[in-house]
J.: 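Pasting a structure here, questions to come.
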Number of protein chains: 4
Amino acid sequence: MLNRVILIGRLTRDPELRYTPAGVAVTQFTLAVDRPFSNSQTREREADFINIVTWRQLAETCANYLRKGRLTAVEGRIQVRNYDNNEGKKVYVTEIVADNVRFLESSNSGNREEGSGAGSYNANASQGSGGGGGGNRYGGSREQQDPFIDDGKPIDISDDDLPF
Amino acid sequence: MLNRVILIGRLTRDPELRYTPAGVAVTQFTLAVDRPFSNSQTREREADFINIVTWRQLAETCANYLRKGRLTAVEGRIQVRNYDNNEGKKVYVTEIVADNVRFLESSNSGNREEGSGAGSYNANASQGSGGGGGGNRYGGSREQQDPFIDDGKPIDISDDDLPF
Amino acid sequence: MLNRVILIGRLTRDPELRYTPAGVAVTQFTLAVDRPFSNSQTREREADFINIVTWRQLAETCANYLRKGRLTAVEGRIQVRNYDNNEGKKVYVTEIVADNVRFLESSNSGNREEGSGAGSYNANASQGSGGGGGGNRYGGSREQQDPFIDDGKPIDISDDDLPF
Amino acid sequence: MLNRVILIGRLTRDPELRYTPAGVAVTQFTLAVDRPFSNSQTREREADFINIVTWRQLAETCANYLRKGRLTAVEGRIQVRNYDNNEGKKVYVTEIVADNVRFLESSNSGNREEGSGAGSYNANASQGSGGGGGGNRYGGSREQQDPFIDDGKPIDISDDDLPF
DNA sequence: TTTT
DNA sequence: TTTT
């Protein structure tokens, strides 16, 4: 009925841009979001690592402008998809389908890659509220693993599964 | 840095109340949240099933008042914890640690269990912004599975792991 | 850069549907949102009354299905517009431009007006993220008051001012 | 019932720290939040200016670390308070009572005031979910204007009115 | 009354 | 001007 997530964190690595067989752009990255409290005992594990997916134009923009370490705001919805692993067991994957991404650090404020870029750049999903989301049935993969894992091949998703 | 989730959905089953060895209440339930769009092809899979965890007083209140099917609003933060399964593989579990739960349906509006209850009842985490969160190291379990899976035994979490 | 509001409350009265001169539908209503705490002294003032605006298709749907007293969830962005009152003083108006409205109570759960309607009905802004927003220059009004105040005449907003 | 706001924007000026007669710290500032679209006609008016209030420890931290122009994330709830102006007319003031403020720009990333400060600093309301809120009856002021307007005197709020 |  |  209502499903809204807002996160601010830093990319754990450069974003990964791929394409579905039909040529739809998909970018994935992980956001490290510091927890609001510090683990009193074991100082370890003080951030949550949250997977983000973006589609189409927003995917391209994220791939172009986001880099590892950048402070980033993400708005979207939680999605739980599942696939059968090679032992035939259902694996559940939770990710945020982003429809709004804000680049809170320009390329020259700390990291120094691409050219210019001052202030904070904004990116919005073009198509309505929601942006879309990955389907959950990705038949045909002999290996039966997460179709989003990057193995150098195009993503094993039938475009029919894309709900938009 | 910032981690906020707001959901409205229905419980897929009655909530489960358990206690840590030190007597801290933990309640878990799953919210079915309808997607904003309809899958054009396969009419199937039109909701996300999102796991919710609540602690302490809020846990007791949720266990007392929530029931399967009830429309419920949840506010909290995303948490990703992990444990080693019996094959020694890390399994990642994503859940929402709720610090605010709103009961949008009273017991007499459709379901007819407990006594009275008119209008919508509210429940808040008592302890500051955040409410708490499950630890991520749960050593000692011979079975090595998700310590939150209900096997009729108390939850296998050292209270030292609770970060509050 | 990022502007997101989520509210759950009850309508203080029936929604008001009007049209701009160019025929764009605008619906306004007020949500009474109970505060999370109780005023210890004066038991009075325990809710915030928050103005909501919706546009186009969502406006029509809200006007059709929402009624005074109904529990409703609203998602949108805060907007601050201003106009000059009849003393030439700038008046600031804050309202929520909704792009997502969820009807948490059907017409037969308590109130008994319109026909059927079971469960909770959902409504989304059709046009992308944002839905739109009222312009801020509404020239030509002799009276110079809030162009949204209902005086039985069409809203005094040039359609050129609508930023969508 | 539920009232959540998340904003990212820039301070229009330095924050103002004041104290109630009983010594409770209150800090106010305004966030300029760029709109997600550009006004096609009149290039003017492309941000909303949203008033933020913080209390107690969070107020002190904001006063210490925030400065004009800084990119800042704010989480809180919308509050509508009102007072009678000097013509005896009720004036409504909408503001965000923040319980979580994130400093997205350190002092040395652009502006160069205070000492060090690298990365982004976080601040949280200490007391539970909500943080508090300004009372709504501020009797005794001869001038009958907004008690929050800075006239060099302590804020004209009875501490009894503070609901926490 | 407004920020980059 | 306010809802249950």
Side-chain angles (χ1 to χ4, degrees), chain A residues 102-106 108-109 117-122, chain B residues 102-106 108-109 116-122, chain C residues 1-3 7-16 28-35 44-52 66-74 80-82 89-92 104-105 109-111 136 146 148-150, chain D residues 1-3 7-16 28-35 44-52 66-74 80-82 84 89-92 104-105 109-111 136 146 148-150:
Chain A
R102 305 283 137 165
F103 309 156
L104 304 176
E105 278 178 357
S106 53
N108 52 8
S109 62
S120 35
Y121 186 90
N122 310 327
Chain B
R102 306 283 136 166
F103 309 156
L104 303 176
E105 279 179 356
S106 54
N108 52 8
S109 61
S116 65
S120 37
Y121 186 91
N122 310 327
Chain C
M1 286 269 316
L2 190 148
N3 183 337
L7 302 171
I8 299 180
R10 291 183 186 279
L11 273 83
T12 60
R13 56 180 189 285
D14 285 0
E16 261 175 44
Q28 290 190 293
F29 54 91
T30 298
L31 225 50
V33 182
D34 293 333
R35 297 201 171 163
E44 61 168 42
R45 184 59 152 68
E46 49 210 315
D48 289 288
F49 298 95
I50 302 175
N51 297 315
I52 316 291
L66 286 178
R67 286 296 170 272
K68 175 178 176 176
R70 297 278 171 79
L71 192 66
T72 306
V74 163
V80 184
R81 58 187 176 81
N82 64 284
K89 249 182 32 178
K90 258 197 167 39
V91 179
Y92 291 87
L104 304 176
E105 278 178 358
S109 62
N111 302 34
N136 63 310
D146 187 340
F148 277 115
I149 284 174
D150 194 351
Chain D
M1 289 269 314
L2 190 149
N3 183 336
L7 302 171
I8 300 181
R10 293 182 185 279
L11 273 82
T12 60
R13 55 180 190 286
D14 286 0
E16 262 175 43
Q28 290 189 293
F29 55 91
T30 297
L31 224 50
V33 181
D34 292 334
R35 296 202 171 162
E44 62 169 41
R45 187 58 153 71
E46 48 210 316
D48 289 289
F49 298 95
I50 302 174
N51 297 316
I52 316 291
L66 286 178
R67 287 295 171 272
K68 176 179 176 174
R70 296 278 172 80
L71 192 66
T72 305
V74 162
V80 183
R81 58 186 176 81
N82 64 285
D84 296 315
K89 249 183 30 179
K90 259 196 168 38
V91 179
Y92 292 86
L104 303 176
E105 279 178 357
S109 61
N111 301 35
N136 63 311
D146 188 340
F148 276 114
I149 285 174
D150 195 350

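Every value quoted in this text rests on a predicted model; they were computed, and no experiment measured them. Residue numbers start from 1 in every chain, and the chains themselves are labelled A, B, ... in the order their sequence lines are given, proteins ahead of strands.
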J.: Mind calculating the distance between CZ (Arg81(D)) and C1' (dT1(F)) to the nearest angstrom?
T.: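 In whole Å, dT1(F) C1' and Arg81(D) CZ are 19 Å from each other.
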J.: Measure from CG on Leu7(C) to P on dT3(F) and round the result to the nearest Å.
T.: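 Nearest whole value for this atom pair: 18 Å.
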J.: Look only at the side chain of Asn82(D) and the backbone of Val91(D), and say whether a donor-acceptor pair between them is shorter than 3.5 Å.
T.: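 Checked: no pair found.
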J.: Of all the choices, dT2(F), dT1(E), dT2(E), which nucleotide is nearest to the side chain of Thr30(C) once you look at every atom?
T.: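 Nearest to the side-chain atoms of Thr30(C), counting from C-beta on, is dT2(F).
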J.: I need the CZ-P distance between Phe103(B) and dT4(F), as an integer number of Å.
T.: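 Distance check: Phe103(B) CZ to dT4(F) P gives 22 Å.
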J.: In whole Å, what is the span from the CZ atom of Arg70(C) to the C1' atom of dT3(F)?
T.: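 Atom CZ in Arg70(C) sits about 13 Å away from atom C1' in dT3(F).
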J.: Distance check needed: dT3(E) P versus Phe49(D) CZ, whole Å only.
T.: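 Interatomic distance, CZ of Phe49(D) to P of dT3(E): 7 Å.
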J.: Salt bridge (charged side-chain N to carboxylate O under 4.0 Å, His left out) with Lys89(C): which residues, sequence neighbours excluded?
T.: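 So Lys89(C) forms no salt bridge (charged side-chain N to carboxylate O under 4.0 Å, His left out) with any residue.
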J.: Under the side-chain contact (heavy atoms from CB on, under 4.5 Å) criterion, do Glu105(C) and Arg10(C) qualify, and how do the steps go?
T.: CA-CA 10 Å; Glu105(C) 278 178 358; Arg10(C) 291 183 186 279; 3.2 Å; yes
J.: Where the side chain of Tyr92(D) is defined as all heavy atoms beyond and including C-beta, which of dT3(F), dT3(E), dT1(F) is the nearest nucleotide?
T.: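 In terms of side-chain proximity for Tyr92(D), the closest of dT3(F), dT3(E), dT1(F) is dT1(F).
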J.: Tell me whether Asp34(C) contacts the main-chain N or O of Ala47(C) through its side chain, where contact means a donor paired with an acceptor under 3.5 Å.
T.: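 Absent.
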J.: Rounded to whole angstrom units, what separation is found between the CG atom of Asp48(C) and the C1' atom of dT3(F)?
T.: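 Atom CG in Asp48(C) sits about 12 Å away from atom C1' in dT3(F).
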J.: Could you tell me the separation between the CD atom of Glu16(C) and the P atom of dT1(F), rounded to a whole number of Å?
T.: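 Spelled out: CD on Glu16(C) to P on dT1(F) is 17 Å.
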J.: Output the single nucleotide from dT2(F), dT3(E), dT3(F) whose closest atom is nearest the side chain of Ala32(C).
T.: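 Shortest atom-to-atom distance from the side chain points to dT3(F).
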J.: Output the single nucleotide from dT1(F), dT3(E), dT3(F) whose closest atom is nearest the side chain of Asp34(C).
T.: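 When the side chain of Asp34(C) is considered, dT3(F) is the closest of dT1(F), dT3(E), dT3(F).
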J.: Which whole-number value in Å describes the distance from Arg10(D) CZ to dT4(E) P?
T.: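 In whole Å, dT4(E) P lies 7 Å from Arg10(D) CZ.
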